[in-house]
Amino acid sequence: MKKIIFFLAITLIFTACKDESKDNGKLNIVTTTTMITDLVQNIGGDMVNVQGLMGSGVDPHLYKASEGDVSKLVNADIIFYSGLHLEGKLVEVLEKMKSTNKTTIALSDALDKKTLIGSEYFASNYDPHVWFDINYFQQFAIKVASVLSEKDPKNALKYETNKNAYIIKLEALQDKVKQTITTLPKEKRILVTAHDAFNYFGKAYGFEVVGLQGISTATEAGVQDVQKLATFIIEKNIKAIFIESSVPKRTIEALQASVKSKGHDVKIGGTLYSDALGNAGTAEGTYIGMFEYNVNTIVNALK
Ligand SMILES: [Zn+2]
């Protein structure tokens with residue numbers, strides 16, 4: 001970290017000598033997770049350059065800034081990140097950016113804290129996986145549009161139009177998700193995954209959610225956790241458990257083996273996208289595609 005801070009200091013001095021860096025008059029935006037990158041691209045369209053730091057399959061809890069990342073952050077006009085300590089290892093660098101008066105926005109700050117799920121695992125005291133409630137993601141969209149309009153007033157109308165179009169798509173997604181979930185009997189709505197990313201999903205769409213690892217992937221699941229959860233799966237007669245794309249699958253496989261050692265079977269229902277979207281250029285590489293894919297995978301496997 002020392003090295004990065006040193007590099008940061010050097011870069012800040014260096015960039016202080018330059019004009020506000022703008023390519024073709026477009027805003028340079030740096031984002032952290034793939035969900036935020038997709039959102040800002042949807043609202044910003046051709047009017048902005050967006051550089052996402054994290055790719056698909058990248059775990060934001062563990063992601064550390066490289067020197068190249070720091071240089072991108074320093075040269076950005078706006079930085080959007082998720083917040084609530086989701087990006088646990090970037091907090092220091094992001095706070096540093098904020099302290100230099102760079103427009104640095106934690107999108108979760110736009111949400112009403114009273115409605116959030118508390119968590120003792122995070123320094124923020126809140127569960128940061130808020131994008132799994134589509135209503136919260138809509139509020140992210142509104143915040144992004146308002147920040148872009150403020151920084152780039154000549155395109156404000158276009159940002160507003162893009163935001164409205166995107167929100168209509170999110171509302172359609174919301175309807176579709178609810179419809180798909182109604183096809184799964186209520187007693188089968190139990191979601192067991194690698195880490196606790198789906199609490200907001202559970203709250204919004206009526207699932208009991210159990211994560212094998214704590215709420216952050218920074219803590220490993222112990223043998224006792226595995227045993228306890230195996231018993232729970234057998235008692236509740238749960239058909240399937242799920243791997244996550246940004247978490248190693250060994251813990252879920254250990255859970256499956258533990259259920260088997262007790263004389264029962266649970267299948268692996270598929271890989272869910274939790275803290276990162278799928279590959280760019282695929283349907284799952286977008287927030288909307290990811291959400292549909294997850295819900296279809298969950299419902300089909302648990303039926
Ligand atoms: Zn997570």
Side-chain angles (χ1 to χ4, degrees), residues 31-39 52-65 80-94 106-109 111 113 115-137 140 191-205 207-222 225-226 229 241-255 268-279 284-287 290-291 293-295 297-298:
T31 52
T32 55
T33 69
T34 45
M35 290 71 77
I36 308 287
T37 306
D38 179 49
L39 174 63
L53 297 184
M54 301 175 197
S56 73
V58 171
D59 182 345
H61 302 293
L62 303 178
Y63 187 85
K64 291 183 184 138
F80 285 113
Y81 66 107
S82 205
L84 297 175
H85 279 242
L86 174 77
E87 301 96 335
K89 314 267 183 205
L90 296 185
V91 170
E92 210 174 323
V93 177
L94 292 167
L107 288 171
S108 296
D109 286 350
L111 306 176
K113 289 268 195 323
T115 68
L116 300 182
I117 298 172
S119 164
E120 66 206 45
Y121 293 97
F122 285 85
S124 66
N125 291 320
Y126 294 101
D127 179 339
H129 302 89
V130 290
W131 60 94
F132 279 119
D133 181 334
I134 298 168
N135 287 325
Y136 286 149
F137 206 66
F140 278 18
L191 180 58
V192 179
T193 62
H195 92 298
D196 263 343
F198 292 92
N199 291 320
Y200 290 98
F201 176 83
K203 191 179 167 195
Y205 308 105
F207 276 77
E208 183 177 348
V209 174
V210 189
L212 182 52
Q213 258 166 306
I215 207 156
S216 164
T217 52
T219 52
E220 285 267 335
D225 301 326
V226 173
L229 194 45
I241 56 180
F242 300 89
I243 293 169
E244 291 172 37
S245 64
S246 56
V247 183
K249 62 181 179 183
R250 60 174 189 274
T251 49
I252 281 296
E253 285 172 344
L255 180 58
I268 290 181
T271 302
L272 303 180
Y273 296 100
S274 53
D275 292 3
L277 301 177
N279 291 326
E284 295 83 54
T286 67
Y287 173 82
M290 171 281 287
F291 220 107
Y293 172 88
N294 276 358
V295 169
T297 304
I298 291 166

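Order of appearance sets the numbers: ligands from 1, and atoms from 1 within every ligand.
- Between the NE2 atom of His195 and the NE2 atom of His129, the angle taken at the Zn ion (ligand 1) works out to 110° after rounding to 10°.
- Asp275 contributes atom OD2 as its closest N/O/S atom to the Zn ion (ligand 1).
- Between Tyr287 and Phe291, the gap from one ring centroid to the other is short of 6.0 Å.
- Put simply, Asp196 stays out of reach of the Zn ion (ligand 1), with no N, O or S atom under 2.8 Å from it.
- Of the candidates Val209, Asp127, Val192, Phe198 forms a side chain to side chain contact (heavy atoms under 4.5 Å, CB included) with just one, namely Val209.
- Residues passing the side-chain contact (heavy atoms from CB on, under 4.5 Å) test with Thr33, sequence neighbours excluded: Met35, Ile36, Met54, Pro60, Leu86, Glu87.
- Evaluation of the ring-ring contact (aromatic ring centres under 6.0 Å, His included) rule for Tyr63 yields no partner, not counting sequence neighbours.
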